[in-house]
Amino acid sequence: MASPQGSRAPLEFGGPLGAAALMLLLPATMFHLLLVARSGPARLLGPPPYLPGLQVLWSPRMLLLWLTWLGLQAALYLLPARKVAEGQELKDKSRLLYPINGFQALMLTALLVGLAVSAGLPLGALPEMLLPLAFAATFTTFIFSVLLYLKALVAPASALAPGGNSGNPIYDFFLGRELNPRVWSFDFKYFCELRPGLIGWVLINLAMLMQEAELRGSPSLAMWLVNGFQLLYVGDALWHEEAVLTTMDITHDGFGFMLAFGDLAWVPFTYSLQAQFLLHHPQPLGLPVASVICLINAVGYYIFRGANSQKNTFRKNPSDPRVADLETIPTATGRQLLVSGWWGMVRHPNYLGDLIMALAWSLPCGVSHLLPYFYLLYFTALLVHREARDEQQCLQKYGLAWHEYCRRVPYRILPYIY
Ligand SMILES: NC(=O)C1=CN([C@@H]2O[C@H](COP(=O)(O)OP(=O)(O)OC[C@H]3O[C@@H](n4cnc5c(N)ncnc54)[C@H](OP(=O)(O)O)[C@@H]3O)[C@@H](O)[C@H]2O)C=CC1
Ligand SMILES: CC(C)CCC[C@@H](C)[C@H]1CC=C2C3=C(CC[C@@]21C)[C@@]1(C)CC[C@H](O)C[C@@H]1CC3
């Protein structure tokens, strides 16, 4: 049974008050964005064009559609996997097993959607359903988080996350108590992190593209770019699915409202904002500008993928010829820190690449509105905060060696600036 005593981990996100505020603010922001993206002025900082009543938001049919989507992705998760990977070592020295079949799930979803569309499924109708769908996703996320909280009450103490067990129910509900909640081998956090939300995001994008083709005869170049860039990003994440097993979300954070809402509602409904904006606010884009934007995305992707692959290769096998020549700092844990290559440029080169891509996703939407730049602004804040959390954890793990790394590589994300 879980210990009722509060853990001594320092409180994050502004403690219980911050957690309560975020639980209201995040869904409110998501609905604000959905409403504003379809309004004429599309003003990020203005009031929403109208406040939808419950009869607009609540639809049992949309709830059923949402649950069917989750069910389909769960069924694809359970299909035989090309590989089963081991997670990081847990407190009790055991390691969990995870199926690596996310990319297969993306391909099968594409096949099923393709078949359904050719059989007459009106995917272009999805843009009109976004509000009640997002409401269904938010509603189920709250229920799901309550179930996760209750499940953690009967979990052994060794299954609890380092944070999220303060003893304050609001804070713990938000952050999540159990590290890897599972029913048999079905891992809820791992499943939610990569599948329904990420694949849902590119499906919403595709629906915007199809609806634009229906309205205007063909999709615009800007819509093609946004769809292409974000599909590359999601495809890459699922292709490198195993890498998510070393992220702090999987190894450190509990599974509670923050991640459940982030994965299931926030990602599909707000990360598709640029495509939503373009459907209602077509933007002219010439080939020369489009080529420059493609180049920016390619540079971002090159840094993002290069940095992530270099670290993953090094962590798997430090004597791999691709990384064996890189300079390193030894640490007391026996693990080493890379101090040349991408990780010698700044301490989070992968974040830099990710931010450059975020810029490339907004640029096709022009510069007349701030709204399509919401993702870039939010993502900068998220990564700056995430970087600070990661530094804290690395300092705890590596102590003096981390100080030495910070001395040798003084910039965090942006060389010579931050
Ligand atoms: N689109 C989105 O919404 C989001 C995208 N992301 C992306 O996901 C990816 C993963 O990000 P994230 O999980 O935050 O963290 P990272 O992949 O950056 O991992 C951080 C960990 O890497 C290890 N590390 C740090 N420095 C070094 C070094 N010099 N040499 C070797 N290992 C080092 C440490 O772990 P250890 O030593 O234990 O291996 C550290 O805890 C990133 O590309 C990020 O941009 C992340 C969040 C949201
Ligand atoms: C809504 C809150 C403010 C915060 C929610 C955060 C989540 C949306 C993100 C936390 C870590 C994430 C990661 C990804 C997507 C966003 C969330 C779930 C990736 C899967 C994106 C693709 C990358 O290649 C890997 C990322 C891992 C972390």
Side-chain angles (χ1 to χ4, degrees), residues 13 22-23 25-27 29-30 88-89 102 141 174 189-190 192-199 201 230 232-241 243-253 257-271 300-301 303-316 318 323 326-329 331 333-358 361 375 378-379 381-383 385-398 401-402 404-406 408-409 412-413:
F13 299 96
L22 281 170
M23 270 190 283
L25 235 137
L26 289 169
T29 306
M30 182 180 80
Q88 302 285 97
E89 193 176 272
T141 297
F174 177 73
K189 188 166 56 166
Y190 175 67
C192 291
E193 181 95 354
L194 281 170
R195 287 131 189 271
L198 283 189
I199 303 178
W201 168 17
Q230 298 184 351
L232 169 72
Y233 189 70
V234 169
D236 175 275
L238 293 165
W239 184 260
H240 297 99
E241 188 177 22
V244 89
L245 297 178
T246 56
T247 60
M248 70 171 85
D249 314 87
I250 301 290
T251 62
H252 183 269
D253 293 339
F257 180 80
M258 180 182 75
L259 274 183
F261 176 78
D263 293 342
L264 298 175
W266 184 259
V267 166
F269 297 102
T270 66
Y271 283 30
Y301 181 71
I303 300 175
F304 165 85
R305 180 58 19 237
N308 278 326
S309 293
Q310 195 168 68
K311 175 166 68 76
N312 295 340
T313 308
F314 181 74
R315 280 283 173 252
K316 261 193 203 154
V323 291
L326 294 174
E327 223 183 310
T328 58
I329 299 178
T331 75
T333 63
R335 301 179 85 159
Q336 295 174 310
L337 290 168
L338 288 167
V339 74
S340 68
W342 288 115
W343 297 81
M345 192 171 85
V346 283
R347 299 206 292 274
H348 263 101
N350 48 353
Y351 289 3
L352 175 64
D354 223 336
L355 286 168
I356 296 174
M357 283 192 285
W361 301 351
Y375 177 75
Y378 139 82
F379 197 41
L382 179 111
L383 290 184
H385 180 248
R386 197 172 166 92
E387 198 275 340
R389 292 182 79 208
D390 189 53
E391 290 260 321
Q392 207 49 45
Q393 287 167 26
C394 286
L395 192 60
Q396 264 177 21
K397 258 187 290 187
Y398 301 126
W402 188 258
E404 173 61 7
Y405 180 47
C406 294
R408 303 257 311 257
V409 184
R412 296 163 190 263
I413 300 179

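Indexing begins at 1, ligand by ligand and atom by atom, following the structure's order.
Comparing Y271, W266, F379 against atom 1 (C) of ligand 2, the shortest heavy-atom distance belongs to W266. Atom 7 (C) of ligand 2 has its nearest heavy-atom neighbour, among C192, G102, G262, in G262.
Every atom of ligand 1 with a heavy atom of Y398 under 4.0 Å away is listed here by number and element: 36 (P), 37 (O), 38 (O). Of all atoms in ligand 1, listed by their number and element, those nearer than 4.0 Å to a heavy atom of Y405 are 29 (N). Listed by number with element, the atoms of ligand 1 under 4.0 Å from a non-hydrogen atom of L382 are 48 (C). Below 4.0 Å from some heavy atom of C394 lie the following atoms of ligand 1, by number and element: 34 (C), 40 (C), 41 (O). Per-residue contacts place Y351 under 4.0 angstrom from the following atoms of ligand 1 (heavy atoms of the residue considered): 11 (O), 12 (P), 14 (O), 15 (O), 44 (C), 45 (O). Atom numbering of ligand 2 starts at 1 in the shown order; those under 4.0 Å from a heavy atom of F304 are 24 (O). Taking every heavy atom of V267 and a limit of under 4.0 angstrom, the matching atoms of ligand 2 come to 8 (C). Near Y233, the atoms of ligand 1 lying under 4.0 angstrom from a non-hydrogen atom of the residue are 1 (N), 2 (C), 5 (C). For ligand 2, the atoms closer than 4.0 angstrom to any heavy atom of D263 are 18 (C). Against a heavy-atom cut-off of under 4.0 Å, F304 is close to the following atoms of ligand 1: 43 (O). Per-residue contacts place A237 under 4.0 angstrom from the following atoms of ligand 2 (heavy atoms of the residue considered): 22 (C), 24 (O). Heavy-atom proximity to T247, at under 4.0 Å, picks out these atoms of ligand 1: 13 (O).
For atom 19 (C) of ligand 2, the nearest protein heavy atom lies 4.0 Å or farther away. Checking atom 9 (C) of ligand 2 against the protein gives no heavy-atom contact under 4.0 Å. For atom 15 (C) of ligand 2, no protein non-hydrogen atom is found at a distance below 4.0 Å. For atom 26 (C) of ligand 2, no protein heavy-atom neighbour is present inside the 4.0 Å cut-off.
Nearest heavy atoms, P318 versus Q336: CB-OE1, 4.4 Å. Closest approach of V346 and R412 over heavy atoms only: CB-O, 3.6 Å.
Of all the heavy atoms of Y375, the ones lying under 4.0 Å from any atom of ligand 1 belong exclusively to the side chain. In Y233, the part holding a heavy atom less than 4.0 Å from any atom of ligand 2 is the side chain. Contacts between L338 and ligand 1, counted as non-hydrogen atom pairs separated by less than 4.0 Å, involve both the backbone and the side chain. Neither the backbone nor the side chain of F257 has a heavy atom within less than 4.0 Å of ligand 2. At a 4.0 Å heavy-atom cut-off, ligand 2 touches L194 through the side chain alone. At a 4.0 Å heavy-atom cut-off, ligand 1 does not touch F314 at all. The residue V267 has no part lying near ligand 1, judged by heavy-atom distances below 4.0 Å. Looking at N308 against ligand 2, nothing comes within 4.0 Å, counting heavy atoms.
Contact annotation: R386 has at least one heavy atom less than 4.0 Å from an atom of ligand 2. For N308, the heavy-atom gap to ligand 1 drops under 4.0 angstrom. In this structure, I329 does not count as a contact residue of ligand 1, since none of its heavy atoms falls inside 4.0 Å of the ligand.
Aromatic ring pairs are classed by plane angle as parallel below 30°, tilted from 30° to 60° and perpendicular above 60°; the pair W201 and Y375 is tilted. Ring planes of H348 and Y351: parallel class, angle under 30° (limits at 30 and 60°).
With sequence neighbours excluded, no residue satisfies side-chain hydrogen bond (donor to acceptor under 3.5 Å, both in side chains) with E193. With sequence neighbours excluded, no residue satisfies side-chain hydrogen bond (donor to acceptor under 3.5 Å, both in side chains) with Y398.
Remark: minimum distance from atom 33 (C) of ligand 1 to any protein heavy atom is reached at K311 CD, 3.6 Å. Nearest protein heavy-atom contact of atom 38 (O) of ligand 1 is K397 NZ, 2.7 Å. Of the protein's heavy atoms, R315 NE, 2.7 Å lies nearest to atom 39 (O) of ligand 1. Ranking protein heavy atoms by distance to atom 41 (O) of ligand 1, first place goes to D390 OD1, 2.7 Å. In terms of protein heavy atoms, atom 25 (C) of ligand 1 is closest to W343 CZ3, 4.1 Å. The single protein non-hydrogen atom nearest to atom 42 (C) of ligand 1 is N350 ND2, 3.5 Å, given as residue, atom name and distance. Of the protein's heavy atoms, E193 OE2, 3.4 Å lies nearest to atom 28 (C) of ligand 2. Remark: minimum distance from atom 47 (C) of ligand 1 to any protein heavy atom is reached at R386 NE, 3.4 Å. For atom 3 (C) of ligand 2, the closest non-hydrogen atom of the protein is L26 CD2, 3.8 Å. The shortest contact between atom 11 (C) of ligand 2 and any protein heavy atom is with D249 OD2, 3.3 Å. Looking only at protein heavy atoms, the nearest one to atom 8 (O) of ligand 1 is D354 OD2, 4.6 Å.
Taking the centre of each ring, W361 and Y233 come in below the 6.0 Å mark.
Put simply, the side chain of Y405 reaches to within 4.5 Å of the side chain of R347, judged on heavy atoms.
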